[in-house]
Amino acid sequence: MSELLLIRHGETEWSRNGRHTGRTDLPLTADGEEQARALRPLLSGRKIAEVYSSPMQRALRTAELAGLPTPQIDPDLREWDYGGYEGVTTAEIHRARPGWYLFRDGVAPGTAGHPGESPEEVGARADRVLARVTPRLDAREGGEAGDVVLVAHAHFLRVLTARRLGLPPSAGGLFTFETGTVGVLGIEHERPAVVAWNARSL
């Protein structure tokens, strides 16, 4: 079995400041670009069969600087649509909505173009991604053996991890995911398992 490598993009100005960044297409900071470049040694030793990326520039630039092959763009890898919480910090939300928890409560409605998503809606996107890539992780399905890489965003990848492990989307809250790091999902005793998390070296 090959492994599923999850890469969170490098730092942006909003991620540094804790602002929810869904559909706002921000570039990497200088530190974020350095984080992405620092992944090259980790990834260079892996046999990579396929790479998929969110269409957002912060993900695509991370893939480029990390030395990955040109990714296939998958719109389902976009970050959570935060709706009315786009650009807002958790502390600011808590002042108006004490006890709010993204993975349980979802977000406030936004504009027509960005209405916001529930945890279940994000989970459905994650399930679509997993349905496409999981057969490629099993060499018995044919084709070139090797790891599959997803370059995307923290909250979405946390939900995807939960779904890969057979957990509900809300269980994404059990995983933190730092900028410019890698999570590795593999198989143990024929069941999906976390092999490494928040890794900068393997």
Side-chain angles (χ1 to χ4, degrees), residues 3-46 48 50-83 85-93 102-103 107 110 114 116-117 122 125-126 129 133 147-162 164 172-185 194-202:
E3 292 179 320
L4 182 61
L5 275 57
L6 312 178
I7 299 178
R8 182 186 177 189
H9 62 77
E11 179 195 80
T12 68
E13 181 182 353
W14 281 17
S15 69
R16 182 177 60 209
N17 296 329
R19 299 172 68 182
H20 288 88
T21 317
R23 304 306 175 96
T24 304
D25 200 7
L26 296 176
L28 300 180
T29 63
D31 286 343
E33 294 205 344
E34 189 55 39
Q35 289 173 343
R37 291 188 189 95
L39 294 176
R40 280 180 175 257
L42 180 155
L43 299 170
S44 64
R46 312 282 306 202
I48 295 173
E50 294 186 343
V51 181
Y52 298 87
S53 175
S54 158
M56 310 307 280
Q57 64 171 314
R58 56 192 183 274
L60 290 167
R61 181 65 171 157
T62 296
E64 176 187 3
L65 293 173
L68 291 167
T70 301
Q72 301 177 57
I73 295 175
D74 186 342
D76 277 335
L77 289 172
R78 288 179 182 271
E79 181 58 296
W80 201 308
D81 182 346
Y82 296 118
Y85 291 158
E86 181 78 7
V88 183
T89 68
T90 297
E92 290 169 335
I93 297 169
L102 174 66
F103 292 94
V107 299
H114 303 295
E117 289 180 294
V122 178
R125 283 200 285 122
V129 172
V133 305
D147 297 328
V148 174
V149 181
L150 306 180
V151 187
H153 314 273
H155 285 147
F156 176 79
L157 290 174
R158 292 165 67 178
V159 171
L160 183 140
T161 297
R164 175 65 173 156
L174 299 173
F175 308 95
T176 63
F177 211 157
E178 299 174 6
T179 54
T181 63
V182 179
V184 182
L185 303 181
V194 177
V195 175
W197 199 254
N198 279 323
R200 299 186 192 277
S201 63
L202 292 175

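Throughout, residue positions are numbered sequentially from 1 according to the sequence presented. These numbers were taken from a predicted model, which means no experiment stands behind them.
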Test side-chain contact (heavy atoms from CB on, under 4.5 Å) applied to Leu4 and Asp147, step by step:
CA-CA 6 Å; Leu4 182 61; Asp147 297 328; over 6 Å; no

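- Ring geometry for Phe175 against Trp197 counts as tilted: the plane angle lies between 30° and 60°, on a 0 to 90° scale.
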Before you tell me yes or no, could you show the steps for His9 and Met56 under side-chain contact (heavy atoms from CB on, under 4.5 Å), namely the whole-Å CA-CA distance, both residues' side-chain angles and the distance that decides it to 0.1 Å?
CA-CA 10 Å; His9 62 77; Met56 310 307 280; over 6 Å; no

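- Between the side chain of Glu79 and the backbone N or O of Phe156, at least one donor-acceptor pair lies under 3.5 Å.
- With Arg125 contributing its side chain and Arg78 its backbone, the two residues share a donor-acceptor pair below 3.5 Å.
- Taking NE2 of His155 as the reference point, atom CG of Leu160 lies at 14.5 Å (rounded to 0.5 Å).
- In this structure, CH2 in Trp14 is found 5.5 Å from CG in Leu26, a value given to the nearest 0.5 Å.
- With Asp81 contributing its side chain and Glu117 its backbone, the two residues share no donor-acceptor pair below 3.5 Å.
- Taking each heavy atom of Leu42 and Arg200 in turn, the nearest pair found is CD1-C, 3.4 Å.
- The heavy-atom pair separating Val151 from Ala59 by the smallest distance is CG1-O, 3.4 Å.
- Between the side chain of Thr62 and the backbone N or O of Ala36 there is no donor-acceptor pair closer than 3.5 Å.
- Considering OG1 of Thr181 and CG of Leu6, their distance stands at 9.5 Å, rounded to 0.5 Å.
- Trp80 is listed as a side-chain neighbour of Leu102, based on a closest heavy-atom distance under 4.5 Å.
- Across every non-hydrogen atom of Asp31 and Glu11, the tightest pair is CB-OE1, 3.5 Å.
- Here the CG atom belonging to Leu5 is positioned 6.5 Å from the CD1 atom belonging to Ile48, to the nearest 0.5 angstrom.
- Under a 3.5 Å cut-off, the side chain of Thr24 and the backbone N or O of Thr21 do not form any donor-acceptor pair.
- Rounding to the nearest 0.5 angstrom, the gap separating the CZ atom in Arg19 from the OG1 atom in Thr90 is 12.5 Å.
- The main-chain N or O of Leu28 is never found under 3.5 Å from a side-chain atom of Glu33 such that the two would form a donor-acceptor pair.
- Side-chain N or O atoms of Arg158 include none that pairs as donor or acceptor with a backbone N or O of Leu174 at under 3.5 Å.
- Between Glu178 and Arg8 there is no salt bridge, since no side-chain nitrogen of the basic residue lies less than 4.0 Å from a carboxylate oxygen of the acidic one.
- Taking both residues in full, the closest heavy atoms of Ala126 and Val159 are given as CB-CG1, 4.3 Å, listed atom of the first, atom of the second, then distance.
- Between the CG atom in Leu60 and the CG atom in Leu65 there is a gap of 11.0 Å [rounded to 0.5 Å].
- Closest non-hydrogen pair, Pro55 versus Asp74, comes out as CD-O, 3.7 Å.
- Leu77 approaches Ser54 most closely through the heavy-atom pair O-CB, 3.5 Å.
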Please evaluate residues Phe177 and His153 with respect to the criterion ring pair (Phe, Tyr, Trp, His ring centres under 6.0 Å), reporting the C-alpha separation (whole Å), side-chain torsions for both, the decisive distance (0.1 Å), and the verdict.
CA-CA 9 Å; Phe177 211 157; His153 314 273; over 10 Å; no

